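Everything on this sheet refers to the single structure shown next.
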Amino acid sequence: MIFTHDTEQALAVVVDLVNTSAATDGEEGLAGLPDLRAFVERNDFSGVGELTEADLARVLGLRERFHAVFRAPDVPAAVRLINEVVGGVRTTPHLTDHDGYDWHVHFFAPGAPMGEHLAADCGMALAYVVAEGEFDRLRTCEAPDCSRVLVDLSRNRCRRYCDSRTCGNRMHVAAYRARQREAVFQSPGPRPSPGGSGRDRALAGAESLRDLPGGGSPPASPPPVS
């Protein structure tokens, strides 16, 4: 574990929240109070009462500020953004062991509104990441058609994709196919058979023409016999 359990859990909440944005996922994932309630339930928040439109508005505002931290160009810029979040909320650190978890620290008051809950706990989790010199673990997926964010919690800092089963597999398959094509056309052996793809057949045909005498022009047909 790179950070404490409660810090890693709060970071997972930040990632889930940011990735509900249309800017990262292509469609809005917090379009109304039912979506916000689903977000609360899947992240196992405790002590959250009735949600209101004011809660939703505050959460959407925090989502944009958290996303800005992932896109910050350097540590000083990230520090300014995080300080704005945690400096704008009433923090009341206290130990708790709710819902079967061992003792850990909450930075929001019991019964605090949803926005204060997120700003305090998630803001402090991001603060710990930066304070530990681990800012480069806050990343955007490297798949060219994906803008989702992630926190790389691997020990060797090797995580590149938001989800190994989707973006990761897709990029590995694309890289494998590229290597296979490169190997085929660098090999001195036979070219791809006519049963291959249209592009493969065209490339094979071009290679065959270059092998002809005269640098790629086929021999002229003999004149017709009169």
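Given the structure is predicted, the values throughout are model-derived calculations rather than measurements.
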What's the shortest heavy-atom distance between [X] and [Y], and which atoms?
{"X": "Arg37", "Y": "Gly49", "result": "NH2-O, 2.8 Å"}
{"X": "Cys146", "Y": "Cys162", "result": "SG-SG, 3.8 Å"}
{"X": "Cys122", "Y": "Val13", "result": "SG-CG1, 3.8 Å"}

Between [atom1] of [X] and [atom2] of [Y], what distance do you get to the nearest 0.5 Å?
{"X": "Glu41", "Y": "Leu36", "atom1": "CD", "atom2": "CG", "result": "10.0 Å"}
{"X": "Phe66", "Y": "Leu11", "atom1": "CZ", "atom2": "CG", "result": "10.0 Å"}
{"X": "Leu33", "Y": "Leu56", "atom1": "CG", "atom2": "CG", "result": "5.5 Å"}
{"X": "Leu150", "Y": "Leu138", "atom1": "CG", "atom2": "CG", "result": "9.0 Å"}
{"X": "His67", "Y": "Leu62", "atom1": "NE2", "atom2": "CG", "result": "14.5 Å"}
{"X": "Leu126", "Y": "Phe135", "atom1": "CG", "atom2": "CZ", "result": "9.5 Å"}

Decide yes or no for [X] and [Y]: does some side-chain heavy atom of the first lie under 4.5 Å from some side-chain heavy atom of the second?
{"X": "Phe45", "Y": "Leu118", "answer": "yes"}
{"X": "Cys167", "Y": "Glu142", "answer": "no"}
{"X": "Val69", "Y": "Val18", "answer": "no"}
{"X": "Leu81", "Y": "Arg65", "answer": "no"}

Common cluster, Val48/Val89, ILVMFWY with side-chain heavy-atom separation under 4.5 Å: no
Transitive ILVMFWY side-chain link Val14 to Leu153, under 4.5 Å: yes
With sequence neighbours excluded, tell me which residues meet side chain to side chain donor-acceptor pair (under 3.5 Å) with [X].
{"X": "Thr24", "result": "none"}
{"X": "Thr7", "result": "Thr4"}
{"X": "Asn19", "result": "none"}

Main-chain N/O of Leu17 paired to Thr20 side chain as donor or acceptor, under 3.5 Å: yes
Contacts of Asp35 that satisfy salt bridge (Lys or Arg N to Asp or Glu O under 4.0 Å) - sequence neighbours left out: none
Residues that Arg42 engages under salt bridge (Lys or Arg N to Asp or Glu O under 4.0 Å), provided they are two or more places apart: Asp16
Partner set under side-chain contact (heavy atoms from CB on, under 4.5 Å) for Val79, not counting sequence neighbours: Val75, Asn83, Val130
By side-chain contact (heavy atoms from CB on, under 4.5 Å) - contacts of Pro73 (at least two apart): Ala77
Contacts of type ring pair (Phe, Tyr, Trp, His ring centres under 6.0 Å), residue Phe3, not counting sequence neighbours: none
Scan for salt bridge (charged side-chain N to carboxylate O under 4.0 Å, His left out) pairs involving [range], sequence neighbours excluded, and state none if there are none.
{"range": "residues 67-78", "value": "none"}
{"range": "residues 115-127", "value": "Arg90-Glu116"}
{"range": "residues 123-139", "value": "Glu134-Arg137, Glu134-Arg157, Asp136-Arg157, Arg139-Asp152"}
{"range": "residues 50-63", "value": "Glu28-Arg63"}

